[in-house]
Amino acid sequence: MIVRWLNKLEEAIFSALLVAMVLLVGVEVFYRFVLAEGISWAQEASLYLSGWFVLFGVSWGIKHGTHIGVDVLVKKLPRGGRRIATLVGLAVCLTYCGLLLVGSYQYLSLTRMIGIELQDIPIPKWQATLILPIGLGLLVLRFLELGWRVIKDEADGFGFSDEGEESLRLAEQDAADETSDKEGRP
């Protein structure tokens, strides 16, 4: 239940960040090129919004299997081998996330202790970069969810998007469409 609520919150924030970023950049372009004035804090705000968007997006991408992966060799393994390779890969990913979580905590602590503010927006930098542990925490959650599905034998890989397979399918569809167009069929 908590994970479902977290999923909905994550997607709502993800969507709101995208809308805010697009609106802010659009308004800034209007101000700069139509009114010949800029918004002093727009560039910094859009930079931090995009950082938040990316770090929420990484977690969202793992959840939906939309990341591109190089898994040609892993796909050739039998199901049990794929599961083991996935669990090893997840262990590496979780270790990496753990190191980044420790580093982000140290960074946030230091910027908070020093009292650094953003350059153009009068808020503490640690608040603007709070997405580091939040995004990494969500990523850890997604990796743990995937690991649990692999252990329960509900998955045997990361579920990466297969760009090669998708490109081949689209090319075959285009060829079929061209053939039907030449033959005069709808």
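We use all heavy atoms of the structure for the numbers below, so side chains are in, but hydrogens, waters and symmetry mates are not.
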Enter the distance from [X]:[atom1] to [Y]:[atom2] here, rounded to the nearest 0.5 Å.
X	Y	atom1	atom2	result
R4	L9	CZ	CG	15.0 Å
L138	F56	CG	CZ	6.0 Å
E117	T111	CD	OG1	11.5 Å
L144	C97	CG	SG	9.5 Å
I121	Y48	CD1	OH	8.5 Å
R142	C93	CZ	SG	15.0 Å

Exercise for the section: Decide if atom CZ of R83 counts as having more than 12 heavy atoms of other residues, nucleotides or ligands within a radius under 6.0 Å. Expected result: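 It does: R83 CZ has more than 12 such atoms within range.
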
Practice task
Give a yes or no on whether E44 atom CD has more than 12 heavy-atom contacts from other residues, nucleotides or ligands under 6.0 Å away.
Solution key: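 Counting neighbours around CD of E44, more than 12 heavy atoms of other residues, nucleotides or ligands fall under 6.0 Å, so yes.
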
Check whether [X] and [Y] end up in the same hydrophobic cluster, where Ile, Leu, Val, Met, Phe, Trp and Tyr are linked by side-chain heavy atoms less than 4.5 Å apart.
X	Y	answer
V19	I13	no
I116	L108	no
L136	Y96	yes
V58	F143	yes
W148	V92	no

Problem - L55 vs L139 side-chain heavy atoms within contact, under 4.5 Å - result: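 They are not in side-chain contact.
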
Handout entry: Close side-chain approach of R149 to L146, heavy-atom, < 4.5 Å
Key =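 In contact.
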
Problem - Of all pairs that satisfy side-chain hydrogen bond (donor to acceptor under 3.5 Å, both in side chains), the ones with a partner from residues 126-137, not counting sequence neighbours - result: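 Residue pairs passing side-chain hydrogen bond (donor to acceptor under 3.5 Å, both in side chains), neighbours aside: none found.
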
Practice task
Any pair with a residue in residues 18-41 that passes side-chain hydrogen bond (donor to acceptor under 3.5 Å, both in side chains), sequence neighbours left out, goes on the list, sorted by first then second residue, please.
Solution key: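 Every pair satisfying side-chain hydrogen bond (donor to acceptor under 3.5 Å, both in side chains) with a residue in residues 18-41: E28-R32.
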
Practice task
For L99 and V102, run side chain to side chain contact (heavy atoms under 4.5 Å, CB included): C-alpha distance rounded to whole Å, both residues' side-chain angles, the deciding distance at 0.1 Å, then the answer.
Solution key: CA-CA 5 Å; L99 292 170; V102 169; 5.9 Å; no

On a heavy-atom basis, which atom in [X] and which in [Y] lie closest, and how many Å separate them?
X	Y	result
Y107	K125	OH-CE, 3.1 Å
L24	S46	CD2-N, 3.6 Å
S104	L132	CB-CB, 3.6 Å
A91	T95	O-OG1, 2.8 Å

Problem - Expected output: side-chain W52 to main-chain G135 donor-acceptor under 3.5 Å - result: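 Absent.
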
Exercise for the section: Please step through side chain to side chain contact (heavy atoms under 4.5 Å, CB included) for the pair L87 and I151, ending with a clear verdict. Expected result: CA-CA 8 Å; L87 290 172; I151 289 168; 4.2 Å; yes

